[in-house]
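Have a look at the structure below, then the notes.
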Number of protein chains: 2
Amino acid sequence: MQQQAPPLPVAAADKTPRTARGQRTVRIILDAAAAEFGERGYHDGSIARIAQRAGVAIGSFYTWFDSKEAVFRALVADMSRQVREHVVPHILAAPDRLSGERAGLAAFLDFVRTHKALYRIIDESAFVAEDAYRAHYVSVAEGYATSLAQAFGKGEVSDGDWQVRAWAIMGMNVFLGLKFGVWDETRSTADIAAAAHALISDGLAPRR
Amino acid sequence: MQQQAPPLPVAAADKTPRTARGQRTVRIILDAAAAEFGERGYHDGSIARIAQRAGVAIGSFYTWFDSKEAVFRALVADMSRQVREHVVPHILAAPDRLSGERAGLAAFLDFVRTHKALYRIIDESAFVAEDAYRAHYVSVAEGYATSLAQAFGKGEVSDGDWQVRAWAIMGMNVFLGLKFGVWDETRSTADIAAAAHALISDGLAPRR
DNA sequence: CTGAAACCTGAACCAGGATTCAACTCTGGA
DNA sequence: TCCAGAGTTGAATCCTGGTTCAGGTTTCAG
């Protein structure tokens, strides 16, 4: 009975669009920011240029975002979601966790190759918005850990240290994404995924 | 017969110290820069503050480095070397490649825990000096690849895709370093290394 | 001892770019 | 049709912080 009808009591002076028009503008700015930061990085990226790309005045930018860092954070959240949405279905569609891992990596690599900006932005967030970066990877790692533990329940993987395994596999994927997604596109993503799958699945120990 | 004795024909206007005194100053500035960039990151780090930490005038800084980016690059090279120098011996001292991998990871984690600045700087170089970053990881990956191929020759590891394996393992180590070296020190490094070793060595496939 | 090269000094300069703001235009409900 | 609120505009402000520069000080070979 304390807070009344007046729209959004706490976050009163917030910058949420109240209209379809506003929503559209926010989306446009966000995309422009993705392009700008993707190309020039956070610090060489400029608000003026973002506004220009968006075909909008600088003032409009500040109508929707408090600061340069604010857009960047919004972007990180946006992308974190996009990657997950793209990759997770591929994992789930697979018959078992291990081949799911393979499908997931292939999907991830494909995604990276077509969304280099996004990839770079998430990585740079480590230095611009550490908490956002951490949040992203911690949540992904947790997803991995539970998923693996479940797979163990079904007898699809061996027992082991879920936490370490989750971070290890995640790191693996990220670096393979960097190398074979961003830097070097000469090899097919399926190929890479297969090789990585073999490693994760059977390890390096010599066949006995 | 074109270039004569005059000291350093090509790199004439370079900034290499010609004296022990100068050398000392460069070292001091480099250390101050490591501390500054380690704490504040590249962009929030300032030359003025670096000079202050070093107990040196701003002008002196510019006697030895052309720009902010220049020190940063020098730092990355310096650290790339340091990490390698610290870790490689541990790998070589092991009886075989696979247990070497374990020792190497443990050493790496220990190093990270005591040199968080360095770790952060190398990572940030991806955005400040991409080529330096690339050079660092490409060279490490190459080291891995050849080392693994050699181990295969001795029958210590199975056959496989060396390039993918190298990048995968490197990524694994980097992320484990981030998680258990920088962010979370609750677990012993030996512990982490053991778990990672088990993963790399035998994989996730259920025991048959 | 001496002078020239090597170093050091830090106030002042300046560019780039984030942020502000006062006025203007749109839009949709009554 | 009308207008209040929602959006838009972009020149002007402001400030941070990298870089310069015109001398001083130290060092050391001869």
Side-chain angles (χ1 to χ4, degrees), chain A residues 5-8 11-33 36-37 39-75 124 127-129, chain B residues 5-8 11-33 36-37 39-75 124 127-129:
Chain A
L8 305 179
D14 79 325
K15 309 212 158 187
T16 310
R18 242 154 283 253
T19 305
R21 189 190 178 193
Q23 234 156 18
R24 222 177 304 137
T25 305
V26 168
R27 186 68 253 169
I28 291 174
I29 293 178
L30 226 35
D31 290 339
E36 173 74 2
F37 289 139
E39 275 175 34
R40 337 264 272 195
Y42 181 73
H43 285 93
D44 290 338
S46 94
I47 302 293
R49 220 175 283 120
I50 289 175
Q52 197 170 34
R53 283 178 191 261
V56 144
I58 294 182
S60 291
F61 173 92
Y62 283 95
T63 299
W64 304 117
F65 299 95
D66 281 324
S67 64
K68 189 181 184 181
E69 191 180 319
V71 228
F72 194 81
R73 284 177 178 278
L75 229 43
E124 190 160 18
F127 305 95
V128 177
Chain B
L8 305 177
D14 78 327
K15 309 213 156 186
T16 310
R18 246 152 278 252
T19 305
R21 190 193 179 192
Q23 235 155 21
R24 221 178 302 135
T25 306
V26 168
R27 187 68 255 171
I28 290 174
I29 293 178
L30 227 34
D31 289 339
E36 174 73 3
F37 289 139
E39 276 175 34
R40 317 244 192 179
Y42 181 73
H43 285 92
D44 291 337
S46 92
I47 302 293
R49 220 175 284 119
I50 289 175
Q52 196 169 36
R53 282 180 194 261
V56 143
I58 293 182
S60 291
F61 174 92
Y62 283 93
T63 299
W64 304 116
F65 298 95
D66 281 324
S67 65
K68 190 181 184 182
E69 192 181 316
V71 230
F72 194 79
R73 283 175 178 280
L75 229 42
E124 191 160 17
F127 305 96
V128 178

Compare side-chain N and O positions of Thr19(A) against OP1 and OP2 of dG28(C) and report whether any pair is under 4.0 Å apart. no
If you define the side chain from C-beta out and look only at heavy atoms, does anything of Lys15(B) sit under 4.5 Å from Asp66(B)? yes
d(Ile47(A) CD1, Phe65(A) CZ) to nearest 0.5 Å is 9.5 Å
What is the distance, rounded to the nearest whole Å, between atom CD1 of Ile28(B) and atom C1' of dC8(C)? 13 Å
Would you call the rings of His43(A) and His43(B) parallel, tilted or perpendicular if under 30° counts as parallel and over 60° as perpendicular? parallel
Atom CZ of Arg24(A) to atom P of dA6(D): distance rounded to whole Å? 17 Å
Starting from the 5' end of DNA chain D, give me the residue, Ala20(B) or Pro17(A), whose nearest nucleotide shows up first. Pro17(A)
Please list, pair by pair, any protein nitrogen or oxygen found under 3.5 Å from a nitrogen or oxygen in nucleotides 17-25 of chain D.
| residue | atom | partner | partner atom | Å |
| --- | --- | --- | --- | --- |
| dG18(D) | OP1 | Gly45(B) | O | 3.3 |
| dG18(D) | OP1 | Lys68(B) | NZ | 3.1 |
| dG18(D) | OP2 | Ile47(B) | N | 2.8 |
| dT19(D) | OP2 | Tyr62(B) | OH | 2.8 |
| dT19(D) | OP2 | Lys68(B) | N | 3.0 |
| dT19(D) | O5' | Tyr62(B) | OH | 3.4 |

Does Lys68(A) make a cation-pi contact with Tyr42(A) (under 6.0 Å, within 45 degrees of the axis)? yes
Partner set under side-chain contact (heavy atoms from CB on, under 4.5 Å) for Arg40(B), not counting sequence neighbours: Glu36(B), Asp44(B), Arg49(B)
With a 4.0 Å limit, can you tell me whether Ser60(A) has a side-chain N or O closer than that to the phosphate oxygens OP1/OP2 of dG7(D)? no
Take atom NZ of Lys15(A) and atom P of dT8(D), then tell me their distance rounded to the nearest Å. 12 Å
Quick one: Arg40(B) CZ to dT16(D) P, roughly how many Å, whole number? 13 Å
In whole Å, I'd like the distance from the CD atom of Glu36(A) to the C1' atom of dA18(C). 13 Å
Closest to side chain of Trp64(B), choosing from dT9(C), dC8(C), dC28(D): dC8(C)
As a test of understanding, state which of Leu30(A), Val26(A), Val56(A), Ile28(A) forms a side chain to side chain contact (heavy atoms under 4.5 Å, CB included) with Trp64(A). Val26(A)
So, is Thr25(B) near the phosphate of dC8(C), with a side-chain N or O under 4.0 Å from OP1 or OP2? yes
Distance check needed: dA18(C) C1' versus Gln52(A) CD, whole Å only. 16 Å
The complete set of side-chain hydrogen bond (donor to acceptor under 3.5 Å, both in side chains) pairs with one or both residues in residues 20-30 of chain A, sequence neighbours excluded, reads Arg27(A)-Asp31(A), Arg27(A)-Asp78(A)
